[in-house]
**Q** 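I'd like to ask some things about the structure below.
Atom set for the values below is all heavy atoms of this structure, side chains included, hydrogens, waters and symmetry mates excluded. Each chain gets a letter, A, B and so on, in the order the sequences are listed, and its residues count up from 1.
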Amino acid sequence: MEYNHKVIEKGWQKFWAENGTFRTSESTDKPKYYVLDMFPYPSGAGLHVGHPLGYIASDIFARFKRLKGFNVLHPMGYDSFGLPAEQYAIQTGQHPAITTEVNIDRYREQLDNIGFSFDWSREVRTSDPAYYKWTQWIFMQLFHAWYNKDADKAESIDTLVNRFEQTGSKGVNAACDEDVRIFSAEEWAAFMPEQQLEELLKYRLAYLRESTVNWCAALGTVLANDEVINGVSERGGYPVEQKKMMQWSMRITAYAERLLTGLDTVDWPEPLVEMQRNWIGKSIGATVCFPLPQLETYIEVFTTRVDTIYGVSFVVLAPEHELVSALTTDEQRAAVDDYIATTSKKSELDRMSDVKAVSGVFTGAYAKHPLTGQDVQIWIADYVLAGYGTGAVMAVPSGDQRDYLFAKHFDLPIIPISDSQDISEAADPNKDGRYINSEIINGLTYEQAVPAVIDQLQALGLGKGKINYRMRDAIFGRQRYWGEPVPIYFKDGLPYLIDKEELPLLLPEVDKYLPTETGEPPLGRAHDWRYKGENMYELSTMPGWAGSSWYWFRYMDPQNPNTFASKEAVDYWKSVDLYIGGSEHATGHLLYSRFWNKFLKDWGCQGEEEPFKKLINQGMIQGRSNFVYRIMDAEGKGTNKFVSYGLKGDYQTMALHVDVNIVSNDVLDLEKFKAFRPDFADAEFILEDGKYHCGHEVEKMSKSKFNVVNPDDIIEQYGADTLRLYEMFLGPLEQSKPWNTNGIEGVYKFLKKLWRLFHDAEGNFHISNEEPTKAEYKALHKIIKKVEDDIERFSFNTSVSAFMICVNELTDLKCNKIKILQDLVIVLQPYAPHIAEELWCLMGQPKGTISYASYPAFNPEYLVESEFAYPVSVNGKTRLNLPLALDLDAKEVEDLVLANEEVQRYIDGKPIRKIIFVKGKIINIVI
RNA sequence: GCCUAGGUGGUGAAACUGGUAGACACGCAGGACUUAAAAUCCUGUUCCUGUUAAAGGAGUGCGGGUUCGAUUCCCGCCCUAGGUACCA
């Protein structure tokens, strides 16, 4: 029989499914290994050839680990709540659950075609009530928690109430809202119950608060910071504005420091770690107070350069700063109001686009410099952001470029503060010199000055050291339908948790998936949707990231009705050993997941500080569009003549996208092209060497560019094993690359060659029991070693090449020895499981047992005898590279070196460091 | 601007701790088998000089440096991709 991928692959996929080959259980002595893929959102477009890249890599790894004797958890599921299904529902009226179901079925079919070793009995779907019950449960725990900074962990809100009852708010060190009240135990007891609840809300990890949010009118919902890219929504690219709204939020900032330090303990790609560090944005500095005697208050600023405090020549507030209105003088009021009105009208985008323009206005008021006591002007300007630090800055024009430009523009003083500064053209922030014009720190260095200033400010009660984070709390509500309902009801305007027994709180049916006439979210349309028939439920739903922030736990125990995952399962599987997915989730999913994981640790639900030990980012596969060149006539109109790429310079042409599926190696299939569109039916061509060559360009994969390649088409033509090998062969896993099928023939040929090793010219299966030769063992052990090394360092592409070399060598040796081929097939199994299973079976092994086989042991003896060198140690230090074939001990090496005249000339009395041999000849001696 | 990754033939790429640069594959050229095609196999293929060959020279973005030796390490610059941005 010839190699027939269609028969082989379908058969084995059926066998795996029917026999539950990849079911995982916890009852085994084997060590555990958890390999996870980022689960997909099942979109209507189905999988394209780029999606499986990471899944193939993780599948290879999972299969390899199984061969290495690990109990491997390798699950798959769907992140099935999301905007596209809902947008589709708005347009068509079809329930998102139906759309989602259809899409999932399609995904499943496509995934099955590739032959993954997923344990489908553990599948999860975030939109399944049995799943989101636990998403809601986790929300309830977060609502019921506060963050105790002294213990550096989340605790039950009951412990906080307890402390309020015992000692009031004194001594409570919590991550909480800014506006918490200060009260004694007696005052707490005297609060009305509603007042107490209102106060507690300021401490909860899931809390409701009026805050500035990113409002996207087109989507009708608020968005988290990571869902806003360059001032427009990540989904759809709609404009986003700032708006004050009552919103559910997650107090992720409580975990800022742990999220930061945890990054040092994980094995993640450096760019990703860096992205998270920047997103958290820790800066170490100080707060400084500028007194306002007339108002009996002060302006608090945050600075990372307290040492420059004597260079302050004015103070700038954000236009939204709360003190602006109080301190503006009557003469300036009109100008200030005007400025505030203009800036508030600017959208996020406008504000970013004129970053360079200097604008601002004087309030007319003055603050006292905390150290010199001099009056400094107070300005407002939109370069100061209300949302960062204290919304106010001390301006040091000599040390900060923005302050410098502002000072130049409005003719404000610029005070040099260091003897090494050059401020003739621009601000100079260097820290190298000694301070001048700086009273108590004159003549000091930067290192000496910082503590001196902070000590002085602290003594005056006008400042202290402070650490600031750029990261904001995450907005948790979405005014949308297709998401988890928030398990909250309202009574007298205050939020209460629903009873645990009421979980899951099911998503109610609605007549339309649009906001109500009064502007309520779609859930406002649900009939009689009230808690215990009385109280209004929360009408927002949870954001897309809610369900994905803990799903790896559910895979451990997916059907458990009593808990999100049993203690035994969580203790056994612990955390994800290898996680593969795209880097686009750096500041979203991966950060939120770490946050919930840490919370669940604090809550005693699991014991791991970090959820994903090792992480690999697979690159994106872009589309590679092909073009044909239509010749234009004298009037600039398109003719039906097309010229090959290399000759298009001779004509006036227009480039047209052509379906990449009718192009092979950039050569157009003329017949298929004529059938591509009716008006091309009688197209004429100007060819090069009898062929029509297409132009090409790398673009995003999209239907309109005719560059989408569906994995099913590749599998139909070449088979899943070829697809798997080829996607790996394409280049390093982490690298983004355009899809092309230029080399796929080579991979397909390799599989056919392998098949032929077992089959004679007539196509009959043929295998020999003879003892292999040394050369045959060498070929085998080379590949055993190579694949093992490659998989451990995720260099899958080089393995594919190594397989080809191995099969070429065995073909040259005419090797059909069972002792060689059985081991080779096991080594190949992770990459090309179908053909491996088939050959394994043909060689007389019981059907399907290759999945439980052991990876063959590598024996280095078979690799020795090469003409090449390896290092030898002589006299402790000297390293020599010598031909292994010589088989010498250290003394003999030394003698050999000393006997060699050429070497002697070089040694010249000095000890030899290294001798370089190439092809058995000394080419160099290192002294 | 800042941070991070990268730049090697016609193409995808390899070279794991500095040691024969371009493995492997595609493409291309030539050949074998065939009436022919497909399939398969063989040979060649970094560039330049050289009629073929022998042989020589150059060569891993550019310019320097360290080293006996640099794709690999160091310094400066250019380009590409991703992230981020009045963050005080």
**Q** Counting just side-chain N and O atoms, does Tyr383(A) come under 4.0 Å of either OP1 or OP2 of A88(B)?
**A**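 Indeed not, no polar side-chain atom of Tyr383(A) lies that close.
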**Q** Which dot-bracket string describes RNA chain B (Watson-Crick N1-N3 plus N6-O4 or O6-N4, or G-U N1-O2 and O6-N3, all under 3.5 Å; [ ] crossing; | other strand)?
**A** (((((((..(((......[....)))((((((.......))))))((((.....))))..(((((..]....))))))))))))....
**Q** Among A25(B), A88(B), C42(B), which is the nearest nucleotide to the side chain of Asp812(A)?
**A** C42(B)
**Q** In whole angstroms, how far is the P atom of G27(B) from the CD1 atom of Ile744(A)?
**A**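 Checked: the CD1 to P distance equals 12 Å.
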**Q** When you measure from the side-chain N and O atoms of Lys752(A) to the phosphate of U40(B), is any distance below 4.0 Å, counting only OP1 and OP2?
**A** yes
**Q** Between Val747(A) and Gly391(A), which is nearer to the 5' end of RNA chain B once each is assigned its nearest nucleotide?
**A**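 Per heavy-atom nearest nucleotide, the more 5' residue is Val747(A).
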**Q** C87(B) P sits how many Å from Met394(A) CE, rounded?
**A**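 It works out to 15 Å between those atoms.
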**Q** State whether Arg470(A) places a side-chain N or O below 4.0 Å from either non-bridging phosphate oxygen (OP1 or OP2) of U84(B).
**A** no
**Q** In residues 269-282 of chain A, what residues come within less than 4.0 Å of RNA chain B, judged by heavy atoms?
**A**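 Those residues are Pro271(A), Glu274(A), Met275(A).
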**Q** Polar pairs (N or O, both sides) under 3.5 Å between protein and nucleotides 10-17 of chain B?
**A**
from   : atom 1 : to        : atom 2 : distance (Å)
G12(B) : O2'    : Leu730(A) : O      : 2.6
A13(B) : OP1    : Gln735(A) : OE1    : 2.7
A14(B) : OP1    : Asn797(A) : ND2    : 2.9

**Q** Under the rule for side-chain hydrogen bond (donor to acceptor under 3.5 Å, both in side chains), what residues qualify as partners of Thr253(A), not counting sequence neighbours?
**A**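 For Thr253(A) the side-chain hydrogen bond (donor to acceptor under 3.5 Å, both in side chains) partners, ignoring immediate neighbours, are Asp473(A).
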**Q** Give me the residues of residues 306-314 of chain A where at least one heavy atom lies under 4.0 Å from an atom of RNA chain B, by number, or none.
**A** none
**Q** Under the rule for salt bridge (charged side-chain N to carboxylate O under 4.0 Å, His left out), what residues qualify as partners of Glu734(A), not counting sequence neighbours?
**A**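 With sequence neighbours excluded, Glu734(A) shows a salt bridge (charged side-chain N to carboxylate O under 4.0 Å, His left out) to no residue whatsoever.
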